[in-house]
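The figures that follow rest on heavy atoms only: side chains count, while hydrogens, waters and symmetry mates do not. We number each residue from 1, following the sequence as shown. In listed order, ligands and their atoms are each counted from 1.
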Amino acid sequence: MFGSPRARSLAALALLFLAASALASPCWAILPPLQVGAAVIDITPPEPYRMSGYFYERLSTGTHDPLYARALVLQQGELTTVLIVCDLIGVSRELTTEARSQIAHKLSIDEQHIVIAATHSHTGPLYGGVLLDWWKAKQAAAAEQVKPELDYPKFLVEKLVQVASDAAQKLETTTIEYATGHETSISFNRRFVMQDGSVRFNPGKLNPQIVRVAGPIDPDVGVVLFKTGDKVAASLVNFALHLDTVGGTEFSADYPKYLHDAIAAKLGNQCTSIFGLGCCGDINHIDVSHNRPQKGQEEAARIGAQLASAVTKGLEKTETRMGAQLAASMRVVEVPVQVYSEEQLAKAKSQLALVGTKELGFLEQVEATKIVDLAARYQGKPLPVRLNCIALSRDVAIVCLPGEVFTELGLAIKEKSPFKQTLVLELCNDAPAYIPTKKAFVEGSYEVVNSRVASGGGELLVESAVEMLLSLHQAAGAR
Ligand SMILES: [Zn+2]
């Protein structure tokens with residue numbers, strides 16, 4: 001192989017260089033290759049079920065397209081991470097705690113690095129929360145006999161364990177490629193400064209009172225491809241755009257369905273396409289500069305196709321493959337919650353009967369539901385927020401946050417991250433409603449009324465996530 005004297009001396013030089021590098025960095029252990037496994041499972045309720053998304057009761061009448069849970073298992077040496085994204089409005093702390101515990105047991109892995117997230121589909125089942133409890137109690141009081149319905153949380157946990165296990169059984173050596181697409185035509189900050197100086201969310205199309213938009217969007221379309229040989233086994237796409245584009249009473253995964261279809265057409269059916277929702281607490285698809293209707297499957301298809309085209313364009317400039325170095329960390333941050341008096345709680349409880357009617361203003365309905373939820377779930381105690389960071393190499397990392405996080409907070413994490421590309425996913429492991437910025441707490445409007453954390457909670461999460469990213473990056477550099 002090294003036939004000529006010149007080749008031999010080059011080889012000797014290379015060996016010398018390797019030896020010197022090894023001396024300079026004693027932790028030069030050769031890592032086993034990164035393995036990937038991915039799988040998908042149907043999580044559509046098998047019978048009519050209450051639907052999530054709005055402040056009134058609605059029962060499903062069918063399935064437009066099935067809801068799925070999509071799992072990505074990564075393994076290198078002793079470390080295994082699991083990311084499962086569900087076509088659901090959110091996943092609660094109780095549910096994910098149970099699912100993580102069962103998955104960890106089934107796969108004999110550490111539960112710390114298991115993340116269960118939601119896409120925030122408004123056309124999925126409503127299976128928990130204050131309003132469901134209230135509507136069920138009302139139904140029980142009104143009817144002599146209530147038909148037992150599917151225990152959806154139990155059904156879902158079984159499916160999550162199954163899909164994690166299916167993905168783990170498919171582990172294969174992988175290389176990763178990453179890219180960032182750019183998309184500015186489908187997402188809009190939905191908060192506006194109005195002529196009277198107030199800030200309003202969704203003030204309506206062509207509203208002459210609008211002065212200017214109150215915040216930014218995040219145009220990044222983060223893409224990571226996991227390749228096994230010359231095929232793509234899995235793709236992860238991250239974009240900040242709220243999902244309520246479909247409406248109606250049929251189950252649907254909303255616009256990610258069309259993104260997944262386009263990715264399958266481009267990368268092949270063997271590719272498990274996963275969509276991780278970016279920080280979009282104040283972002284939606286409504287363009288107030290025209291008055292065309294923007295609801296239904298056609299709209300979801302338009303948005304999904306546009307997002308897919310941004311992915312395709314991004315992939316034209318894929319960064320070169322790198323040696324994968326999987327690293328992960330998890331931290332629980334105690335975030336203070338809002339506090340209300342006993343009188344306010346009593347009033348809110350009495351107002352629950354008016355939720356879903358026209359007898360109480362929309363924001364009052366939202367606030368009453370929030371106050372009852374705060375009392376039921378937190379009792380004034382800080383919210384234990386789980387933050388997960390997964391580094392795939394010295395270049396790419398994934399941050400997982402709970403709740404519907406304002407886009408400025410996601411942007412702040414990306415800006416301060418030492419990684420070349422940082423994907424920030426929201427609605428991971430818990431769904432404590434909105435996580436606004438301090439600025440938004442001063443401005444008010446819907447997202448602030450429908451938040452549980454106290455002002456400053458979002459910035460606290462950014463600070464912690466950045467610390468975690470810095471230490472993961474440093475650790476990767478030491479290897
Ligand atoms: Zn929503």
* Over 60° means perpendicular and under 30° means parallel, so classify the ring planes of H120 and H242, tilted if in between. =>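 Geometry flag for H120 against H242: tilted rings.
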* Asked: With D87, which residues qualify under salt bridge (Lys or Arg N to Asp or Glu O under 4.0 Å), at least two apart?
  ->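 For D87 there are no salt bridge (Lys or Arg N to Asp or Glu O under 4.0 Å) partners, ignoring immediate neighbours.
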* Under 2.8 Å from the Zn ion (ligand 1), how many protein N, O or S atoms can be found? ->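 Number of qualifying protein atoms: 3.
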* With the side chain counted from C-beta on, respond yes when D395 and Q421 share a heavy-atom pair under 4.5 Å apart, and no when they do not. =>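 Answer no - side chains too far apart.
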* From CD1 (I217) to CD1 (I283), nearest 0.5 Å ->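 Atom-to-atom, I217:CD1 and I283:CD1 are 6.5 Å apart.
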* Please list all pairs passing the side-chain hydrogen bond (donor to acceptor under 3.5 Å, both in side chains) test where one or both residues lie in residues 280-289, with sequence neighbours left out. => N189-D282, N202-N284, D287-S289
* Structure fact -> Quick note, side-chain hydrogen bond (donor to acceptor under 3.5 Å, both in side chains) partners involving residues 452-463, not counting sequence neighbours, are D373-R452, N450-R452
